[in-house]
Colleague: 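The structure that follows is given in the form of structure tokens.
Bear in mind that the values here come from a model prediction, so they are computed numbers and not experimental data. Just so we're on the same page: letters track the sequence lines, and every chain starts at 1.
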Number of protein chains: 2
Amino acid sequence: MTSSPNMQARLVDVAKVAGVSMKTVSNVVNGSVPVREATRKRVLAAIEQLGYRPNVAARNLAKGRSGVIAFAVPQLDRPYFASLAARMLDEAETYGWTVQIHQTGGQREAELALLTERQPVRLDGVVMSPLQLTPEDVHRRDPALPLVLLGENVDQSHRADHVGIDNREAGRAATEHLLSDGRQRVMALAPGPNLKVERLHGYRDALAAAGLGVDEDMVLATEGVRGEDAELTLGRWLDSGRPAPDAVFAATDWLAMGAIRALVLRGRKVPQQVAVVGFDDIPYDLAILPTLTTVAPDRVAIARLALQALRDQEPGGEPVRLRAPFSLVVRESTAGIRRGR
Amino acid sequence: MTSSPNMQARLVDVAKVAGVSMKTVSNVVNGSVPVREATRKRVLAAIEQLGYRPNVAARNLAKGRSGVIAFAVPQLDRPYFASLAARMLDEAETYGWTVQIHQTGGQREAELALLTERQPVRLDGVVMSPLQLTPEDVHRRDPALPLVLLGENVDQSHRADHVGIDNREAGRAATEHLLSDGRQRVMALAPGPNLKVERLHGYRDALAAAGLGVDEDMVLATEGVRGEDAELTLGRWLDSGRPAPDAVFAATDWLAMGAIRALVLRGRKVPQQVAVVGFDDIPYDLAILPTLTTVAPDRVAIARLALQALRDQEPGGEPVRLRAPFSLVVRESTAGIRRGR
DNA sequence: AACCTCAAATACAGCGCTGTAAAATGCAGC
DNA sequence: GCTGCATTTTACAGCGCTGTATTTGAGGTT
């Protein structure tokens, strides 16, 4: 039982080979305590030679951690969350965390339960993209449970770390893009009732900066978040005979898809007559014709920042708010823009 | 340090309260060894009273397991896989497994690496939905690593457990549905080069059973798996002036979506003039107009069967092949069918 | 050369659980 | 009431790692 050739090498085996104590090897592996360079090299060589890998279960047991963090999203089968989850998994590997993905269904109770109720596995932290979670809920949680919130359904009153893109700035960038080749009548579509306020702020900022007033008649609230809702709302507007927009700023890709459908089905050409931008860069681009210009949050950065914040969090600390970058991905639905039309 | 009130209760604490040995509590919790009913009750009461939860890290350490299984899919942000992953997570909780989701990108090397290369965390098993994995690859794996394969890119020569729906039967069901209100010219669309053979077999079965011959001219291979591919392929066919189909059997939902677009853009009404069925029930239904009738694999069953198979697998054993049920979800794209047209 | 300081390395207990082997208990049958 | 045997329960040594307290030793000062 003591280190047969094809058995997984242990710390003690490495120590023996390197001629040092177990703890020194541990120190090298963890990098927390300084180790003299010569010793360090010897240890690393031994690790290499034996193909040593730390045993996570033992480490966690000794540290009193589980090594498991939860990543909670409303639904995993919504592509925005699925793609974010994918990045989260990648990044978590860096920390040796395994990620337990949870689906809250957007239910406040489910979101709260994850923070307050005892879980089958003790959690070392939670990253959540909440829909309904209130500031009080955040307050009620076990203060020893590190928490990072994601997305835009979070405000200053939530006392927890937060990671997200600058939605206002992004909304402005998208709208500016539409304006950049002379589009004049830019409509905005956002889901009621919360209207993705920050994104609309950005839209207004851009119009103001271009010296155009905001025609509140052109800011449309859809009934829900689905493509059909946007199709219906925009469709009614178009059918009402009012002067048509020459561009549409949609607060989400779903709405943008619905908008495109409403336009195309009424014979309006996208992007020639009406340009459309969306928001989120959900991985559907191939399914849509024309493909969609959209604001793409840097998901890798979001995941990385969230996990860093989670790791660095300490019980009493002041909440941290982090901004992840975004980019504007230009595709067919605004083609021609910036290329001389 | 010995059981302060608000510390997580341990096995030894439960044992003390119940007046039995640690091991007896362990036996009750694990249910492997028989325990007298009276003792059992006492132990359960103590567990309840103290709110005891087993420490997974310690258990795994003692058992020499990691408690982690891998679930590998080509891409998590494809909705079919995302929704399957969601189910897998749910089911894995039953076994106390945490799931490490891997993305292979459909690369053979990545698929193989998961089976052969040493992972950061030792894996207790792998469930994989392979795209490229060969029977030889399966053979090459560490025989101690339990493996369950999912989906249709697996055949008899892969010596590993397999879970999937009966694609042939499902293809038949979908096609029968189209035929059931008198559609006569049913086209088939499948992605080349593998053509989702089983599904097409089912299509042929259904035509044969209805006394209709298969017009091989109506079996179309698309260039790829994307909606656009189907749109292009079907579009060309339609534009060629050949007599139009009155129904389309698409081997995947993506192709079905492309087919609908090709039809609608040419002024053909779906479902009035052409009915369309898809395959997979990807959660996009709301994005498509009309919503899509499709073959819905029972994802819960797939997940459950896969994990059962994984748990019950033993190194030398004969591979098991399990069939999960499916259902035909009738939506707008075949509306009218079975309702008197 | 003796002394001090501080960085580097060590020894070892213990994290909470399970497997093993040994002990206790219950229950027939006589 | 005792023996023999099957059933139930126990004691305890690890699983592989890290935290703490302690020892070692390198390098600088007098």
Colleague: In terms of side-chain geometry, is the basic nitrogen of A:R108 or A:E111 positioned less than 4.0 Å from the acidic oxygen of its partner?
Modeller: no

Colleague: Does B:N30 reach a base, just sugar-phosphate, or nothing at all? Heavy atoms under 4.0 Å.
Modeller: sugar-phosphate

Colleague: Over how many whole Å does the gap from A:R53 atom CZ to D:dC17 atom P extend?
Modeller: 13 Å

Colleague: Can you name the nearest heavy-atom pair linking B:R299 to B:D281, along with the distance?
Modeller: NH2-O, 3.0 Å

Colleague: Could you list all the ring-ring contact (aromatic ring centres under 6.0 Å, His included) pairs where at least one residue sits in residues 80-117 of chain A, not counting sequence neighbours?
Modeller: A:Y95-A:W97

Colleague: Could you tell me how far apart A:K63 (NZ) and D:dG16 (C1') are, to the nearest whole angstrom?
Modeller: 14 Å

Colleague: Rounding to an integer number of Å, can you tell me how far B:R122 CZ sits from D:dC17 C1'?
Modeller: 17 Å

Colleague: Any chance you could list the contact pattern along nucleotides 7-14 of chain C? Use B for base contacts, S for sugar-phosphate-only contacts and - for none, protein heavy atoms under 4.0 Å, 5' to 3'.
Modeller: -SSBB--B

Colleague: D:dC15 P sits how many Å from A:L11 CG, rounded?
Modeller: 13 Å

Colleague: Counting only N and O atoms by type, is there a donor-acceptor contact under 3.5 Å from the side chain of A:D124 to the main-chain atoms of A:G67?
Modeller: yes

Colleague: Take the protein atom CG of B:D13 and the nucleotide atom C1' of C:dC15, then report the distance between them rounded to whole Å.
Modeller: 13 Å

Colleague: Tell me the salt bridge (charged side-chain N to carboxylate O under 4.0 Å, His left out) pairs involving residues 58-70 of chain A, sequence neighbours left out?
Modeller: none

Colleague: Starting at atom CG of A:N60, determine the distance to atom C1' of D:dT18, rounded to an integer number of angstrom.
Modeller: 11 Å

Colleague: B:N55 has an atom CG; how far is it from atom C1' of D:dC17, in whole Å?
Modeller: 13 Å

Colleague: For B:L61 and D:dC17, give me the distance from atom CG to atom P, rounded to whole Å.
Modeller: 9 Å

Colleague: Would a distance-only check, ignoring hydrogens and angles, find a side-chain to backbone donor-acceptor pair under 3.5 Å from B:R321 to B:D155?
Modeller: yes

